[in-house]
Asker: 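Okay, handing you the structure first.
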Amino acid sequence: MNRNTTVLMVVIFVVAGMLLTGHFLSKRASVAPVGTALGAADPSGKLAPDFRLKSIDGKSYRLADLRGKAVLLNFWATWCPPCKIEIPWFVELQKQYASQGLVIVGVAMDDDADKQKVVADFANEMKIDYPVLLGNDEVADEYGGVDALPTTFFIGRDGKIVRRFMGLAAHSDFEDAIHAALREGQSTQAYTAPLENVQGK
Amino acid sequence: MKTSNAKLIAALAILTAAASAQLAKPKPKVTFAPVSPVKITRGGTANVEFMFRVVPGYHVNSNKPNSELLIPTALHLDMPTDISMGKINYPPGKDQSFPFAPDEKLNVYTGDVSVSAMLSANKDITPGRYRVHGYLKYQACDDRACYPPTRLPIAFDVQVVKGGPKPVHRNPAQSPHVHS
């Protein structure tokens with residue numbers, strides 16, 4: 001076997017290995033059940049990326065201002081029927097757990113030219129009484145792309161992600177995750193300001 | 001020999017990069033069959049059919065979903081000058097409920113979907129091959145999640161000819177879908 005043949009075989013071996021690895025990873029991702037926290041891609045323990053977004057009523061909100069609170073961050077869209085199932089639960093859970101330090105924030109991923117009106121009308125119809133922000137691709141990218149809606153992150157008082165659900169999850173799963181988020185970073189009470197309007201900051 | 005090996009290694013590297021990029025992309029929820037070239041005579045009309053397949057496990061909204069909030073599946077084509085497209089014919093969707101809302105019926109497409117349109121060529125058009133580009137806009141969901149609206153690109157050729165032999169039998173006088 002001459003040197004060239006050896007080099008060629010090594011290259012073929014490496015390429016085949018890369019393709020097989022890629023195929024395996026792709027398969028694993030595609031069969032991961034929705035509605036459950038992911039394994040290797042699970043963002044748990046990572047600091048939730050900060051963002052500043054406008055709400056449907058034109059105010060500007062910053063996630064970092066919620067440090068000290070447990071946050072349920074729900075990415076959704078008006079065109080997403082499973083998202084409509086969860087929203088009434090969130091309205092109810094906000095009432096139930098607000099006194100313990102839970103804040104629910106919705107991020108609408110609609111892309112219409114008049115999305116502010118479309119989302120606001122929908123929020124009124126669904127009687128959403130927690131802040132609804134107008135999302136964008138930059139924030140979605142920060143949160144791993146948010147390719148499936150709904151996607152919900154539970155963030156502890158210390159700003160670290162406790163759990164993530166991709167797709168519709170059970171009401172009981174949300175309650176468990178809220179309890180975990182309320183517990184997480186409980187000693188981090190340095191700043192407990194409510195969701196603050198930071199417009200003009 | 002060295003040169004040919006280097007070329008082979010470069011080709012394999014490009015192939016690997018392309019394959020890796022393909023694997024990293026989210027898998028499409030809808031695919032379409034290539035559209036055969038459409039033959040049309042100057043001043044004439046021709047029907048063109050687009051066959052789409054919704055990947056098993058997913059559904060897309062029909063062209064007339066039950067709610068104005070839902071994004072309809074719709075075909076958009078950029079027609080060349082002197083070739084026009086009539087009304088696009090979408091099949092009716094199927095009313096179906098899903099585990100996320102068992103009491104609600106959504107009007108959806110699943111499986112194979114055929115969309116057709118009538119093309120008409122101006123009588124003054126220069127004979128030849130014309131490339132038509134477009135896309136199918138759809139928004140797919142599965143049983144637990146929905147995915148962002150997507151544009152699936154399509155392209156096909158229209159071969160305009162001067163005029164063939166006279167047809168043996170005549171079609172009905174005019175299709176209701178032709179706007180010439």
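Quick caveat, the model's predicted, so the values are computed rather than measured. Every chain is numbered from 1, with letters handed out A, B, ... down the list of sequences. Computation of the quantities below employed the complete heavy-atom set of this structure, encompassing side-chain atoms and omitting hydrogens, waters and symmetry-equivalent molecules.
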Asker: For the interface with chain B, which of A:C80, A:P81, A:G145 has the highest count of heavy-atom pairs at distances below 4.5 Å?
Answerer: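 Ranked by heavy-atom pairs under 4.5 Å with chain B, first place is A:P81.
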Asker: Please confirm whether the ring centroid of B:Y109 lies under 6.0 Å from the ring centroid of B:Y138.
Answerer: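 No, the ring centres sit 6.0 Å or more apart.
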Asker: Evaluate the criterion salt bridge (charged side-chain N to carboxylate O under 4.0 Å, His left out) for residue pair A:K115 and A:D111; output intermediate values, then yes/no.
Answerer: CA-CA 6 Å; A:K115 66 178 173 181; A:D111 203 18; 5.2 Å; no
Asker: How about residues 46-60 of chain B versus chain A: which residues have heavy atoms under 4.5 Å apart?
Answerer: none
Asker: On the 0 to 90° scale, with breaks at 30° and 60°, tag the A:Y143-A:F153 ring pair as parallel, tilted or perpendicular.
Answerer: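 Ring orientation, 0 to 90° scale: perpendicular.
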Asker: In a single word, yes or no, tell whether B:C141 and B:C146 have an SG-SG distance below 2.5 angstrom.
Answerer: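 With an SG-SG separation under 2.5 Å, B:C141 and B:C146 do form a disulfide.
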Asker: Taking only Lys NZ, Arg NE, NH1 and NH2, and the carboxylate oxygens of Asp or Glu, determine whether B:R42 and B:D124 approach each other closer than 4.0 Å.
Answerer: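 No, B:R42 and B:D124 are not salt-bridged.
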Asker: Under a 4.5 Å cutoff for heavy-atom pairs, which residue among B:S67, B:A101, B:P149 has the most contacts with chain A?
Answerer: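 Among B:S67, B:A101, B:P149, the one with the most close pairs to chain A is B:P149.
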Asker: What distance do B:Y135 atom OH and B:L75 atom CG have between them, rounded to the nearest 0.5 Å?
Answerer: 9.5 Å
Asker: Quick check on A:L149 against chain B: is it the side chain, the backbone, both or neither that has a heavy atom closer than 4.5 Å?
Answerer: both
Asker: Would you please say whether a donor-acceptor pair under 3.5 Å links the side chains of B:T73 and B:N63?
Answerer: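 B:T73 vs B:N63: no donor-acceptor pair found between side chains.
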